[in-house]
Amino acid sequence: MSKKSNSDLLGLYRTMRRVRTFEERVGELFVRGQTAGSMLHLSIGEESAAVGITAAMKPQDTFTTHHRGHGIFLARGADPNRMMAEIGGKEAGYCHGKGGSMHIADMSLGHLGANAIVGGGIPAVVGAGLSARHKRNNAVSVAFFGDGATGQGVLYESMNMAALWGLPVVFACINNQYGMGTRIDQATANTNLHERAIAFGLNGESVDGLDVEEVAEAARRVVDGARAGKPGFLAVSCYRFYGHARKDKSPYRDAGEEETGRQRDPVAFTRARLIERGLTPEADLDTLDAEIGAEMDATIDFTIAQKEPPLASMFRDVFDPEEPEPEPVRTRLNRVLATE
Amino acid sequence: MSKKSNSDLLGLYRTMRRVRTFEERVGELFVRGQTAGSMLHLSIGEESAAVGITAAMKPQDTFTTHHRGHGIFLARGADPNRMMAEIGGKEAGYCHGKGGSMHIADMSLGHLGANAIVGGGIPAVVGAGLSARHKRNNAVSVAFFGDGATGQGVLYESMNMAALWGLPVVFACINNQYGMGTRIDQATANTNLHERAIAFGLNGESVDGLDVEEVAEAARRVVDGARAGKPGFLAVSCYRFYGHARKDKSPYRDAGEEETGRQRDPVAFTRARLIERGLTPEADLDTLDAEIGAEMDATIDFTIAQKEPPLASMFRDVFDPEEPEPEPVRTRLNRVLATE
Amino acid sequence: MPELTYRDALRKALADSMAENPDIILIGEEVGRYGGAYGVTKDLIKEFGPERVIDTPISEPSIVGAAVGAAMTGLRPVAELMYVDFLGMTMDQLANQAAKIRYMFGGQIGVPMVLRTQGGTGRSAGAQHSQSLEAYVMHTPGLRLAMPATVADAYHLLRQALTSPDPVVFIEHKALYTMKEDVDLDAPVPPWGKAAVRRHGKDLVIVTYSRQLHYVMEAAKTLAAKGIEATVIDLRTLNPLDFDTIREHVERVGRAMVVSEGAMTAGVAAELAARISEECFDFLEEPVIRVAGEDIPISVSTGLETGSVPGPQLIAETAGRMLA
Amino acid sequence: MPELTYRDALRKALADSMAENPDIILIGEEVGRYGGAYGVTKDLIKEFGPERVIDTPISEPSIVGAAVGAAMTGLRPVAELMYVDFLGMTMDQLANQAAKIRYMFGGQIGVPMVLRTQGGTGRSAGAQHSQSLEAYVMHTPGLRLAMPATVADAYHLLRQALTSPDPVVFIEHKALYTMKEDVDLDAPVPPWGKAAVRRHGKDLVIVTYSRQLHYVMEAAKTLAAKGIEATVIDLRTLNPLDFDTIREHVERVGRAMVVSEGAMTAGVAAELAARISEECFDFLEEPVIRVAGEDIPISVSTGLETGSVPGPQLIAETAGRMLA
Ligand SMILES: Cc1ncc(C[n+]2csc(CCOP(=O)(O)OP(=O)(O)O)c2C)c(N)n1
Ligand SMILES: Cc1ncc(C[n+]2csc(CCOP(=O)(O)OP(=O)(O)O)c2C)c(N)n1
Ligand SMILES: [Mg+2]
Ligand SMILES: [Mg+2]
């Protein structure tokens, strides 16, 4: 396997570190009671999947993500301020505070949306693949989802369609070993998930997420294959470092397992490799990390300073802005109670 | 492969012939305008699947079927009169004329129901498998469905659950090459359907449906395996001799293909084998066929003579008979319009 | 004026829109080679090719989901659900995705797709192929809902749906496909979202849509023979709902009946009756009466099937008693 | 009298019923080791073992479908849907199978299953995790529907649901799990299908259910301080619907309001308002007023979330204006 060049590795590291640090700040925002909602799913431990796969994507490509999608979007180039503001439910967020952590989207970066429905964003990439074919724009569409989503039938339907039509579509499964409290082997008898994809006629691979270079290589094979007309499936195995959501202390797994799991840290691994290969002096990495820390600290201040969306925005964007907004209950009541 | 004994082969033939003849009579009933509804799906050409698989089942076993399920239930031991009456929408039918061709069920023979939803009856066998485990009654539950149902995600969810829990469950796919006008290779990129089952951790086999002995053998392996705790999948390949439903003339496939397809006739094949092996003289088979013809003719007369369900039965069996029936619109209107 | 069937009008709407807008694609089971289970898309695959008329595996959730993704990336898909009864497997993609995407994402993007399907009784197709499930759709914020009753509306509403910036569920009635009417498709048509007053009368307003319009019109004739004159409103779209037209006539006439084939409880008739009662209370001389489908599954037996939904006789009889 | 939370009461109902009836199994995502996303099934797996408390993959359609098959073969399954918002992927198994099997098969067999789930706003869980979708269920013939508002009802309705011969959808409210009440579980309880009159007053009848009961009671207090006395009816089950109790009080009082968290259009409030208007017309001094959820998706932003469903203030204010 041809390893990527050294400057690439530093780039991959930087992005992974940014993801890691961003997620840590999300946790802080939560502790400070400033996130919208109790549902916050951090992707710590999964950085290589987000970074390795988005590295294989081109600007015209599109993607959908899942409830644990911050890292993917950040790796794709998101503005961390607008992301954090959305997580905080603020007007300055990507979705003006209506979506929150689980519903971030951004058309300018091809982000067709995160999803709070496990598997809910998967079939959309089939449609995006049809668009790409129709418009001959050479775009690949990638569905990111967790191992838990392999329980959803819609995944197999969509893989079948993609293979049947030879669509430029990739199914990217971030196998962090758990769906909430359910370990992957408690959710399926055959944990070699890519075998299913092969059985439907896709390219299918599994890769160890510890090494982001390997993930990036595998992703390139699968994404390029899809672009050439053979859709693919890539499972990246990693470990969900913390609980399912911010409040979950994972009582269903033992401390020993967690410790081992957290040793499989793609960020630390890549950092060590940069040093070990003599590519980047540790001091430079320290500086980089500190810079990223400061950048991400600022997202918290930014978010806290932002306004909540105005109440009037509640009826906006149910339909196209040219259409009348749905009538508020109060307006109807005013009318009805006035006529008496 | 140990071939079954000769008397078995005659038994298999008899049942296949009964299915074939029954279905021909259903067609006649339709032509005579005596069936309830325009939706009639005949299983002509698929007899070996119905007969071979039910032959591998035990009395305590249960099953669900699909919209093309007459043959399966008949092979399981259904009363052809009550079946035909149900197809005719008559009170004497298995479901008192409420279900019709696509909704026949019979708890005494373990028939958990036909289904007009493609794939709709599949997950029920997972539940039946849980019941068998719970009650330790050594029962296997078999879901019968067509190749088209392999498009439905629910199949993969259910296979995954069955494999995960080691349930006594079999997924029996009658691959008649078509889902309405769509040939199997127009519906999937990999037509080796059993490979998917294997990828989920089930026993998976495909078998040629021309030879009912081979189907019965394969079914025995798969059903016995399921009974022993490893669920299975069996695809029986055959050919849908006629249109999708009674009115469909299959304009989407050419005459040559149909002719070749209809040559793959499991009933004729078995008949020829009985003669060829010197097991049953042709004259005896002629007699048998004629007896079956007469038996099935009688189902038509029986059905035509039966009554439609009374209007009053309309509100019955929405809920348990001990519960009040839903209030008819007319009753409500009487009440409302009387108070004025 | 050419004579057209409802089916032909639908087909023509698709063909005309597809000719105008290259981004329109059709996607669904049997929409291509087979021409649609009810023949609506017959030969469109010949005209527009298999890249625009896409036969799918039997995968309703992913058909709708693919349409969502296609709509978000610049196409204008028309997904077909062979029977509205299959809504149950697609409601996640329809209600959690298509209906909410614009809102959740803060208005960044819409989902301009049409979900064509057909419902209703009339072919003794049994409990799982005869339902009228428009209430599920009407109850879901973010979805538009059109239900044409006439040949002209089959054409025009579908044409209009194909320019909607938001997802439209378009429910045809299986018993209407072979209905013929003389229609001048160039005649002016009501705008999207406007109800049509199909008959004017001073005694009673009957609000309805889809096939029940024809039963109501038949009943109105019977009533007229007895000296009772009904105003008949055909809603055409349930979202947008043209309540102004309903209000105008109910306030004028003072009596209203709503007729729907869907099951009565928590159905479309409930919404219409509740709203009329709430907004026109002071004008009502009697309660708004609901004539709707029974709260039971539908039998394959023709007698029970027919008995489980409103028909002209029940409508006329009920109206007669309201005026008695 | 012990103090119990709504969550504990639900858990106890499951435990008590499971101890009595060995055929009861629980099946759903995270119901076992995790103890349920909202903790309702905590440690039941320890008490009853993994063959009766079954953790599943994330496969909602097949969870419900498996429950259907289990119910048909002698078990009494309690399937759990973590959020009612996932109904959209299970409606086929629920509405086309569970609800219709007894009928389609001519009464041969019932489907005695309970589908436990939870809905509603209150945790800024966003558009796909905050809905109130009971109207889909209420509109579907063949399904029972229970929605407990109190701790005692959480216990008793679930216990009763577990003896129902027919499929029951049991919708808890996510904002009530931690609510505490002193309850004597041995005190007599209303039978299944009977509404509870939570407050008696002569000026206005307010009909509601689930969490909105608490908002209504709060509003009733505010109103009482102003001299307006409301009768408050908690439906407890929406199917069966105890319309007799509603009728009795509306006819006595002459004014009615219905309050529901679900989206207004074609929702439960529409059914209640339509039915009261239809059946109690001559007794009504004013239109039946619906106070219900807005016809919009629900935002994650707390302000917008709270604003999109009824609260005590809106209820009290509206009632005040009705009486003005
Ligand atoms: C359809 C659906 N079912 C259940 C849930 C509740 N839920 C949210 S995340 C989750 C686990 C998902 O696991 P996985 O796909 O592996 O993603 P991870 O959380 O590990 O990133 C579950 C069950 C949901 N949001 N949607
Ligand atoms: C969920 C669903 N989608 C579509 C249909 C319409 N339909 C009925 S049968 C059929 C083809 C089924 O093909 P297959 O499963 O191969 O069974 P076969 O008819 O060949 O026996 C289709 C599309 C349906 N009844 N249910
Ligand atoms: Mg996971
Ligand atoms: Mg087939």
Side-chain angles (χ1 to χ4, degrees), chain B residues 62 64 86 93-100 102-108 110 112-113 115-117 119-135 137 139 141 153-154 156-158 160-161 164-165 309 313 316-324 326 332 335-336 339-340, chain D residues 22-23 25 27 50-52 54-75 77 79 89 92-93 96-97 99-113 141-144 164-167 193 239-240 243 275 278-283:
Chain B
T62 59
T64 60
E86 189 56 43
Y94 268 105
C95 306
H96 305 312
K98 283 177 168 174
M102 294 196 291
H103 304 294
I104 296 183
D106 176 42
M107 296 310 127
S108 64
L112 303 179
N115 224 301
I117 300 294
I122 292 174
V125 301
V126 173
L130 290 171
S131 283
R133 181 174 84 176
H134 191 82
K135 299 187 178 288
N137 63 5
S141 193
V154 79
Y156 305 99
E157 298 181 357
S158 290
N160 184 49
M161 284 181 171
L164 176 64
W165 297 327
S313 74
R316 201 177 294 154
D317 296 325
V318 179
F319 296 112
D320 186 81
E322 307 268 299
E323 306 275 324
R332 183 179 45 86
R335 196 178 56 247
V336 172
T339 55
E340 283 167 34
Chain D
D23 288 334
I25 62 164
I27 179 166
E51 288 210 0
R52 292 187 63 195
I54 304 171
D55 278 321
T56 68
I58 307 173
S59 310
E60 284 80 5
S62 292
I63 291 168
V64 176
V68 171
M72 292 179 79
T73 50
L75 295 183
M89 28 178 74
D92 182 65
Q93 287 297 319
N96 279 333
Q97 314 297 338
K100 295 183 173 53
I101 278 175
R102 185 190 291 279
Y103 193 84
M104 292 191 300
F105 298 160
Q108 288 182 63
I109 183 115
V111 184
M113 63 177 277
L143 299 176
R144 300 300 192 186
S164 165
D166 293 301
N239 185 331
F243 195 73
R275 185 132 183 215
E278 206 170 12
E279 304 218 10
C280 313
F281 187 77
D282 293 338
F283 299 85

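Chain A is the first sequence line, chain B the second, and so forth, proteins listed ahead of strands; every chain is numbered from 1.
Nearest heavy-atom pair, Gly127(B) versus Thr73(D), reported as atom, atom and distance to 0.1 Å: O-OG1, 4.1 Å. Of all non-hydrogen atoms in Trp165(B) and Thr56(D), the two that sit nearest each other are CH2-CG2, 3.7 Å. Among all heavy-atom pairs drawn from Pro22(D) and His134(B), the shortest one is O-NE2, 2.8 Å.
Between the CZ atom in Arg133(B) and the CD1 atom in Ile25(D) there is a gap of 8.0 Å [rounded to 0.5 Å]. Distance check: Met161(B) CE to Ile27(D) CD1 gives 5.5 Å after rounding to the nearest 0.5 Å.
Residue Val318(B) touches chain D through both its backbone and its side chain, counting heavy-atom pairs closer than 4.5 Å. Contact of Leu164(B) with chain D is made through the side chain alone, with heavy-atom distances under 4.5 Å. With a 4.5 Å cut-off on non-hydrogen atoms, Asn137(B) does not touch chain D at all. Looking at Leu143(D), only its backbone comes within 4.5 Å of chain B, counting heavy atoms on both sides. Residue Ile117(B) touches chain D through its side chain alone, counting heavy-atom pairs closer than 4.5 Å. The contact between Arg316(B) and chain D is made entirely by backbone atoms, counting heavy-atom distances below 4.5 Å. Residue Ile101(D): no heavy atom, backbone or side chain, is found under 4.5 Å from chain B. Only the side chain of Asn239(D) comes within contact range of chain B, judged by heavy atoms closer than 4.5 Å.
Between chain D and the residues Arg332(B), His96(B), Met102(B), the largest count of heavy-atom pairs under 4.5 Å involves Arg332(B). Note on Met72(D), Glu60(D), Arg144(D), Met89(D): by heavy-atom pairs under 4.5 Å with chain B, the leading option is Arg144(D). With chain B as partner, the option from Gly142(D), Pro141(D), Pro240(D) having the largest number of non-hydrogen pairs under 4.5 angstrom is Gly142(D). Top candidate by heavy-atom pairs under 4.5 Å with chain B, chosen from Asn96(D), Leu75(D), Ile109(D), is Leu75(D). Contact count against chain B (heavy-atom pairs under 4.5 Å) is highest for Gly69(D) among Cys280(D), Gly69(D), Gly74(D). Comparing Pro123(B), Ser141(B), Gly110(B) by heavy-atom pairs within less than 4.5 Å of chain D, the highest count is held by Pro123(B). The candidate from Asp92(D), Val68(D), Ile63(D) with the greatest count of non-hydrogen atom pairs under 4.5 Å with chain B is Asp92(D). Considering only heavy-atom pairs separated by less than 4.5 Å from chain B, the leading option among Ser164(D), Ala71(D), Pro57(D), Gly193(D) is Pro57(D). Among Val126(B), Leu112(B), Leu130(B), the residue making the largest number of heavy-atom pairs under 4.5 Å with chain D is Leu112(B).
Panel note: side chain Asp317(B), backbone Arg102(D); no donor-acceptor pair is recorded below 3.5 Å. Side chain of Gln108(D) to main chain of Tyr94(B): a donor-acceptor pair is present (N/O by atom type, distance under 3.5 Å, no hydrogens or angles). No side-chain donor-acceptor contact under 3.5 Å links His103(B) to the backbone of Gly106(D).
Side-chain atoms of Gln97(D) and Asn115(B), non-hydrogen and from C-beta on, do get closer than 4.5 Å to each other.
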(message) Show, in sequence, the C-alpha distance, side-chain angles and deciding distance for Ser59(D) and Glu157(B), and conclude whether the side chain to side chain donor-acceptor pair (under 3.5 Å) test is met.
(response) CA-CA 6 Å; Ser59(D) 310; Glu157(B) 298 181 357; 4.5 Å; no
